[in-house]
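Note that ligands are numbered from 1 as they come in the structure, with each ligand's atoms numbered from 1 the same way.
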Amino acid sequence: MEINNIWDSFLKKMNNNLAPMLYEAWFADTKLISLHENKATVLVPMLIHKKHLKENYNTLIESIFNEVTGSNFIFDYLTEEEINKLKDEQIEIIEEDSPKSFASNLNPKYLFENFVVGESNRFAKTTAIAVAEKPGIMYNPLFIYSNSGLGKTHLMHAIGNYIVSNSNKKVLYVTSEQFVNDFIELYRKNKNDNNLNEVENFKRKYRDIDVLMIDDIQYLEVANKTQQEFFNTFNELHTNNKQIIISSDRSPDDLKQLEDRLRTRFTWGLMVDIMPPDFDLRLSIIEKKIEGNGLTNNFPQEVKEYIASNCIGDIRKLEGAITRVVAYAAMMSGSDITLSLTVEALKDYFGKCVTAKNNIEHVQQLVANLYNITVEDLKGKRRVTNIAVPRQIAMYICRTVYNEPFAKIGSMFGGKDHTTVIHSVDKISKELKNNLNLDKEITKIIRDLK
Ligand code: ADP
Ligand code: MG
């Protein structure tokens, strides 16, 4: 996507998220001027925009931008004047020819310390720490794969940050797109003036290092020439016991367009996958995140559980949900964060983040279909018999068949109190003793579920 289009999509989303007055004041006159590595630079009209966006909107900006691009960027806001000044300075630096600090492209935000572990990612984190402690020795290459939004990029940066703070090793993090771009650029320049210097620069960037991390290797599938160059780079680093870390949205076996010899090499070291987080992990991540933002006291337990129950499958979306709730509360002139505010703030959001079905949703869908009502009816408050009874049956099944916690069931039925769930389950249990038809119906539902 072109940079202007990216920004247009971003602004559209921002516009939907903010009161018109706020959008006009802070966003209407901004422009994205560069995307480089993981840094996004935005042109703003005045210094006050810079300060205000940084202090009040940064998290929201990052998260919405992430929805548009699928990657994490750190934002820098500059006024026209600052840009001109920077340009002058940069020219001076080039003339001095002394860029001493090596650009690792690491995001200091992503650390092992703030990577929360659960069953689904324990192995990945442990191996990542092992590699960080002994790069080039333990597992080479380390190949991390998972669906999007489950922490691959976070883990890679954490490894890099750890190595940089505990050794003098040179670490380079790039996305595979960056690698392809560098290579294409080299190829283009080379064709024009056969500039050997450029080749040297490229080689130095990618080979004169101790740790190379390539994120989202799947994008290399479409770049045949670059695969060859990556193959050479890989071999040279590997032979010299330099650590290589690769992430992908698929296992090497499923990277079908990649040359076989590359795929084989990816399996030489260790492959680890990250699975979607379970309820407990989602809850812990929410807790960590709000603790990091100093918001622990503002978030009632039922709100956390509501978010954890409804936002499944993707941690990026989970973070987005928190940001949205906070922004929504702020917009309602600093209201307390309550369950009803949360339900309202997230009412259009969850549909987008349901990527995997869990037991409760599965039950809801089946029961809704069977009784000719909608899942929304089940989650709603209407007490007419043709809705209230199926709702109680669905809750009963979630509890007795899947042993789901009362609070979680309540959350996923539109944010109801756990006592409501207990009451429903009791009611159906009692009724079952005398009502043979009901018993038959429920037995059939359970059979269909399985
Ligand atoms: P991927 O690269 O797999 O698409 P990311 O590493 O970009 O996913 O993770 C998406 C977001 O979720 C990031 O903001 C990251 O910090 C957060 N995240 C992922 N896993 C965890 C975790 N276990 N603990 C805390 N935050 C996490
Ligand atoms: Mg990533």
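Between Glu133 and Lys169 there is no salt bridge, since none of the side-chain N atoms of the basic residue sits less than 4.0 Å from a carboxylate O of the acidic one. With salt bridges taken as basic N to acidic carboxylate O contacts below 4.0 Å, none links Lys203 and Glu200. Salt bridge present: Asp182 and Lys205 bring a charged side-chain N and a carboxylate O closer than 4.0 Å. The pair Arg324-Glu67 meets the salt-bridge criterion, since a charged nitrogen lies less than 4.0 angstrom from a carboxylate oxygen. The pair Arg250-Glu221 counts as a salt bridge, with a side-chain nitrogen and a carboxylate oxygen less than 4.0 angstrom apart.
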Name each donor-acceptor pair under 3.5 Å that joins a side chain in residues 43-51 to protein atoms two or more places apart or in another chain, with its distance.
from, atom 1, to, atom 2, distance (Å)
His49, ND1, Met46, N, 3.4
His49, NE2, Ala25, O, 3.1
Lys50, NZ, Tyr77, O, 3.0
Lys50, NZ, Glu82, OE1, 3.3
Lys50, NZ, Glu82, OE2, 3.1
Lys51, NZ, Glu55, OE1, 3.3
Lys51, NZ, Glu55, OE2, 3.0

Residue pair Tyr219, Phe179: steps toward the ring pair (Phe, Tyr, Trp, His ring centres under 6.0 Å) verdict: CA-CA 10 Å; Tyr219 296 117; Phe179 187 86; over 10 Å; no
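Not counting sequence neighbours, the partners of Phe27 by the ring pair (Phe, Tyr, Trp, His ring centres under 6.0 Å) test are Tyr57. Every residue two or more places apart in sequence or in another chain that forms a side chain to side chain donor-acceptor pair (under 3.5 Å) with Glu287 is listed here: Lys304.
Here 1 is the count of protein N, O or S atoms positioned under 2.8 Å from the Mg ion (ligand 2), waters not counted.
Taking every heavy atom of Asn121 and a limit of under 4.0 angstrom, the matching atoms of ligand 1 come to 23 (N). Contact atoms of ligand 1 toward Phe115: 20 (N), 21 (C), 22 (C), 23 (N), 24 (N) (distance under 4.0 Å to a heavy atom of the residue).
In this structure, Phe143 and Phe266 have tilted ring planes: the angle between them lies in the 30° to 60° band. Taking the six-membered ring where the residue is Trp, Tyr206 and Phe202 present tilted rings, their angle falling between 30° and 60°.
Scanning all protein heavy atoms for the shortest distance to atom 25 (C) of ligand 1 gives Asn114 O, 3.2 Å. Of the protein's heavy atoms, Ile315 CG2, 3.2 Å lies nearest to atom 12 (O) of ligand 1. Atom 13 (C) of ligand 1 has its closest protein heavy atom at Glu319 OE1, 3.6 Å. Looking only at heavy atoms of the protein, atom 2 (O) of ligand 1 is closest to Thr153 OG1, 2.7 Å. Residue, atom and distance of the protein heavy atom nearest to atom 23 (N) of ligand 1 are Val116 O, 2.7 Å. The shortest contact between atom 16 (O) of ligand 1 and any protein heavy atom is with His154 ND1, 2.7 Å.
When the heavy atoms of Ser148, Pro277, Ser146, Gly151 are ranked by distance to atom 5 (P) of ligand 1, first place goes to Gly151. For atom 10 (C) of ligand 1, the nearest non-hydrogen atom from the set His157, Arg122, Arg316 belongs to Arg316. Taking each of Gly292, Gly149, Ser71 in turn, the one with a heavy atom nearest to atom 4 (O) of ligand 1 proves to be Gly149.
Arg265 forms no cation-pi arrangement with Phe231, by the criterion of a distance under 6.0 Å to the ring centre and an angle within 45° of the ring axis.
Of all the heavy atoms of Asn72, the ones lying under 4.0 Å from any atom of ligand 1 belong exclusively to the side chain.
Checked by distance only, ligand 1 and Leu155 stay at 3.5 Å or farther apart across all their nitrogen or oxygen atoms.
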